[in-house]
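Beneath this line is the structure, given in C-alpha cells, with notes to follow.
Everything numeric in this text was worked out from a predicted model, so none of it was measured.
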Amino acid sequence: LGGRPLFVWLHLFDAHTPYLPPRPMMEGLYPEDRDPRDPALPWPPDNQRPSWSRSVRDTDYLLASYGGEVRQLDRRLGSLLREQAFRRCLVAVTADHGESLGEQDVWFTPEPMSRASLAVPLVIAGSGVPEDMHGVQMAGATRQLDLGRTLHDLAGLAATEFPGRNLLARRAAGASCYWNPTYRSELEAFEPDALLVGGYNHLTMLAGMRWARRRCVPFFLMCETWRL
C-alpha cells in the first residue's frame with residue numbers, strides 16, 4: 001500500500017439465519033448417518049422450528065449448522081489476517097449481537113434483552129496494544145462507542161475528536177461500571193436504571209421488555225469479558 005494508512009471495516013454477516021454452512025464445515029458436528037428430517041423423529045416444539053427450516057425435526061442439526069457457520073467464519077477470517085498487509089495492523093473483532101440457542105427457551109433469533117444477545121465477544125490485538133496488556137482479560141460492560149475511541153487512541157490519533165472512552169484508560173482507572181451518558185436524556189423521564197453493571201444493560205424499570213421493543217431503546221453493550 002506504499003506506506004499509506006489502511007483502515008478496513010469488515011462486516012461478516014454469517015453466522016446468521018438461515019444456517020447453511022458448507023458441508024465440510026459440518027464434519028464432527030453432526031453424525032453423517034443421521035437424517036435430521038427423518039419422518040420417524042417427533043416434531044420439536046414450534047419455537048424450535050424456524051420459518052427457514054420447517055422440515056428439520058432434529059434441533060441438534062440446527063445447532064450443529066450454526067457451529068458450522070462459526071467454523072467457516074473463523075477460517076476465512078484467519079486466512080485474511082495472515083495476509084501481509086494485516087500482519088502489523090491493529091485488529092478488533094466483535095459482534096453487534098449474539099444468537100439465542102435455547103437460552104430462556106428462545107431459539108435461533110436474537111432476544112434483545114437476553115444475556116445471549118448482549119454478551120458478545122470483543123478482542124483487540126496487534127500493533128499499538130501496550131505490551132503489559134497482552135493476554136489481559138477484562139471484565140465490565142463496554143459500548144461500541146468506546147471501541148471507536150480506543151482504536152483512535154491506539155492508532156496514534158488521540159488528538160482526533162471522537163466520542164466515547166478509551167477502554168484501556170478505564171482499566172487503568174479500575175472502572176467496571178459507569179452510566180451510559182449517550183442516551184441518558186432519552187431515559188430521564190423514566191426510572192434511571194439503565195446502568196451498565198456486571199455485563200448487563202439493566203432496563204428493569206422501563207416497563208419491561210415490551211416497552212424496550214416498542215420504543216427501540218438503543219444500547220451499546222459489547223461484552224462482559226473481553227481480551228487484549
Can you tell me if [X] uses its side chain to pair, donor with acceptor, with the backbone of [Y] under 3.5 Å?
X: Arg57; Y: Pro36; value: no
X: Thr150; Y: Asn166; value: no
X: Asn47; Y: Asp105; value: yes
X: Glu69; Y: His16; value: yes
X: Thr94; Y: Pro121; value: yes
X: Gln72; Y: Met25; value: no
X: His134; Y: Val129; value: yes

Of all the heavy-atom pairs spanning [X] and [Y], show the shortest one and how long it is.
X: Ala116; Y: Ser100; value: CB-OG, 3.8 Å
X: Pro44; Y: Thr59; value: CB-OG1, 3.7 Å
X: Leu154; Y: Gly128; value: CD2-O, 3.3 Å
X: Glu27; Y: Arg71; value: O-NH1, 2.8 Å
X: Ala155; Y: Leu90; value: N-CD2, 4.5 Å
X: Leu101; Y: Tyr19; value: CD2-OH, 3.9 Å

For residues [X] and [Y]: do they belong to one hydrophobic cluster (side chain heavy atoms under 4.5 Å, members Ile, Leu, Val, Met, Phe, Trp, Tyr)?
X: Phe7; Y: Leu157; answer: no
X: Leu73; Y: Met26; answer: no
X: Leu10; Y: Leu81; answer: yes
X: Leu29; Y: Tyr66; answer: no
X: Leu167; Y: Val136; answer: yes

Calculate, to the nearest 0.5 Å, the distance between atoms [atom1] and [atom2] belonging to [X] and [Y] respectively.
X: Phe108; Y: Leu62; atom1: CZ; atom2: CG; answer: 4.5 Å
X: Asp35; Y: Leu41; atom1: CG; atom2: CG; answer: 7.5 Å
X: Trp43; Y: Arg49; atom1: CH2; atom2: CZ; answer: 4.5 Å
X: Asp58; Y: Arg34; atom1: CG; atom2: CZ; answer: 5.5 Å
X: Leu147; Y: Arg165; atom1: CG; atom2: CZ; answer: 15.5 Å
X: Leu77; Y: Phe86; atom1: CG; atom2: CZ; answer: 9.5 Å

With side chains defined as the heavy atoms from C-beta onward, is the minimum distance between [X] and [Y] less than 4.5 Å?
X: Cys89; Y: Leu6; result: yes
X: Asp96; Y: Val120; result: no
X: Thr17; Y: Pro50; result: no

### Query
Do Leu168 and Met133 pass the side-chain contact (heavy atoms from CB on, under 4.5 Å) test, and can you show the C-alpha distance, the side-chain angles, and the key distance before you say yes or no?
CA-CA 9 Å; Leu168 275 62; Met133 300 290 286; 3.7 Å; yes
### Message
Let's go through Arg76 and Asp14 carefully: what are the C-alpha distance in whole Å and the side-chain angles of both, what is the deciding distance for salt bridge (Lys or Arg N to Asp or Glu O under 4.0 Å) to 0.1 Å, and is it a yes or a no?
### Response
CA-CA 11 Å; Arg76 288 188 174 182; Asp14 289 333; over 6 Å; no
### Query
Looking just at side-chain N and O atoms, do Arg37 and Ser55 make a donor-acceptor pair shorter than 3.5 Å?
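Yes.
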### Message
Counting neighbours of CZ on Arg54 that are heavy atoms of other residues, nucleotides or ligands and sit closer than 6.0 Å, is the number greater than 12?
### Response
yes
